Amino acid sequence: MSVDSISSHQTADREEAGVKNVMTTEEELMAQFGYKQEMNKSLSTLSNFAVAFGCCSILSGLTPLWGDAMMSGGSIAIIEGFLLVAVFTFCVGLSLAEICSAFPVTGGLYVWVSKLAPPEWVPLTCYITGWCNWIGLTVAVTSTDLGLAQFLSSVISISNPDYNADIYWQYGIFLVIVFIHGLINSISIKYNGMFNNVSLFWHLIGTLMIVIVALVLTPNKASGKWVFTYFENDTGFKSDGYAFLIGLLQSQYTLSGFDSAAQMSEETKDAARNAPKGILYAVGTAGVFGFIFLLAVNFCVQDFQAQVVESAITPQMTKVFLDGVGYNWTIVFTVIIMGAMFFCGSALVLGSSRLVYAFSRDRAMPFSSYLSQINHKTKTPVYAVWGNVIFAAVIGILYILNETAFNAIVSVNTIASSLAYLIPISLRLTVGRKSFQRGPFHLGPFSPVINTISCCWIVLTCCLFLCPTQLPVTADNMNYACVPLVAVLGGSILFYQFRAKKYFTGPGKSLEPDPYLDENVSFNSTDSGDSNDIKKTPVIVEDISKKNTEQR
């Protein structure tokens, strides 16, 4: 045998051993958290980043609320406001990425809380964190798909000004869209990874196309002084500072949902390194491209009063495009934006379904025995996908009932996500500071400072987005964000108090045979007269430990 042949065989053996070692390490890591690996680890760093970036979709997040933000603070609230939000949100992303690197498990935030909270508080804090995280991601599906329905109606209004696509028509289109997202996320994760990679390039290339074409073709562009200094307060409040802060909702809504990178940890290769990268890449890229996009759009505003305040077309950004680049290019722009919204909605269904699956395997949700099941063919939590689709459709009914419901839905999404971020970061900063063991990615000596900034920012935005947005406050323009937020969180706490409290002790139970979740598991049990008194033998844990010992 030749030297080259021997060398090639040795290289192949080393590569094979390396792969086995990585896989063993991943399995051991999952076992340490009390879970078994049930899903395929087929997502690369790029695919993980693509999912998180899709949830932070700048085109779907910045376009529906652009007109409202312009009337709540003018161009200053859009440009300077977005920069402000992007900087503080990146701090939040750094805080979450550090924790994610230490605990790279699907379930993300609520699993992290179980490792950081005092033992006696683990069940309740995990429960609240998980439900806040779920509300944030699932309500984001509603707001994104409703935004897509709005844009579709604006396209109809452009081609046929006499036709009024009312809210009932828009809600019907919304139902079709969310149903399609359910179908897409019921297939294998391998194809979902490819789908989200396409989403990434669609967003980046599409944004650059809109920016370049709009700036080149729009006549009578606004001056730099107007773009960076113009202020407008049409909220009715006398305080311009308050109006400016209200205008930040658009930016904060866009830069949320990036924790989906953590939700995909169990399907991501080398998740301790790649999932934190997905979080930071998503926030950073969304911040840069979002700023470029908003800057270009504001330069294209020719008549603030006619195009924003008095526009008959909603979202108002469509009117700006129509006056600037004409009908044909406006159709192209809206198709790009609608495509981005469609990709974003699908990514949100993907991330939220993984959270429901993880939460349900620890029996923390109603119907957990179904929601925690993995389809044998696709290796995806199909029941969790459709549970989220149904919930998103029900929340969408609020859009029919009240004219400001869309803003309320957006506020719920933003507040719930922020609260879910706040709990693990604050625990990392306080009671978990000494016990926390860092992962491959960490903030070093800057961790306390960044975590403190993150907590202060989250508290400010949560309080702000529960406040009214117009004065005088009426039944029609009231900010009803507290209603669905209190209803769902209150219902979840009641469910915990009267039912889940009896058996939910926190994450990390999937390695133990469980008659509530496992249908095909044999138990070594002793009948003591109580059907619920089952002595479980953790055979799976013993097998894994034995296997790892033999390999070592």
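The basis for the numbers below is simple: all heavy atoms, side chains too, and nothing from hydrogens, waters or symmetry mates. No experiment lies behind these values; they were computed from the predicted model shown.
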Working to the nearest 0.5 Å, report the span between [atom1] of [X] and [atom2] of [Y].
X    : Y    : atom1 : atom2 : answer
L116 : T125 : CG    : OG1   : 9.5 Å
T144 : F342 : OG1   : CZ    : 12.5 Å
L146 : L175 : CG    : CG    : 9.0 Å
L248 : L464 : CG    : CG    : 7.0 Å
I390 : F179 : CD1   : CZ    : 10.5 Å
W134 : Y110 : CH2   : OH    : 14.5 Å

* Asked: Hey, are T129 and W112 close enough side-chain-wise for a donor-acceptor pair under 3.5 Å?
  ->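 No, no side-chain donor-acceptor contact under 3.5 Å.
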* To do: State, without any angle test, whether R433 and S447 hold a side-chain donor-acceptor pair at a distance under 3.5 Å.
  => no
Quick one: sort the [X] and [Y] rings into parallel, tilted or perpendicular, breaks at 30° and 60°.
X    : Y    : answer
F88  : W457 : parallel
F359 : Y127 : tilted
F436 : F103 : perpendicular

* Would you indicate whether Q437, at its atom CD, is surrounded by more than 12 heavy atoms from other residues, nucleotides or ligands within a distance under 6.0 Å? =>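 Incorrect, the count does not exceed 12.
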Could you tell me whether the side chain of [X] and the main chain of [Y] form a donor-acceptor pair under 3.5 Å?
X    : Y    : result
T89  : A86  : no
T452 : P448 : yes
N197 : A50  : no

* Ring centres under 6.0 angstrom apart (F504, F495) -> no
Taking all non-hydrogen atoms of both residues into account, name the closest pair between [X] and [Y] and its distance.
X    : Y    : value
A392 : F174 : O-CZ, 3.5 Å
S199 : F343 : OG-CB, 3.2 Å
D145 : G345 : OD1-CA, 3.8 Å

* **Pairing residues for R273 by the salt bridge (charged side-chain N to carboxylate O under 4.0 Å, His left out) criterion, not counting sequence neighbours** =>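 For R273 the salt bridge (charged side-chain N to carboxylate O under 4.0 Å, His left out) partners, ignoring immediate neighbours, are D270.
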* Does N375 reach the side chain of Y383, with side-chain heavy atoms less than 4.5 Å apart? ->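 No, their side chains stay 4.5 Å or more apart.
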* Do Q150 and Y399 have side chains that get closer than 4.5 Å, going by heavy atoms? ->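 Yes, side chains in contact.
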What pairs of donor and acceptor atoms, side-chain ones from residues 279-291 against any protein atom, are under 3.5 angstrom apart with sequence neighbours left out?
{"residue": "T285", "atom": "OG1", "partner": "Y281", "partner atom": "O", "Å": "2.7"}

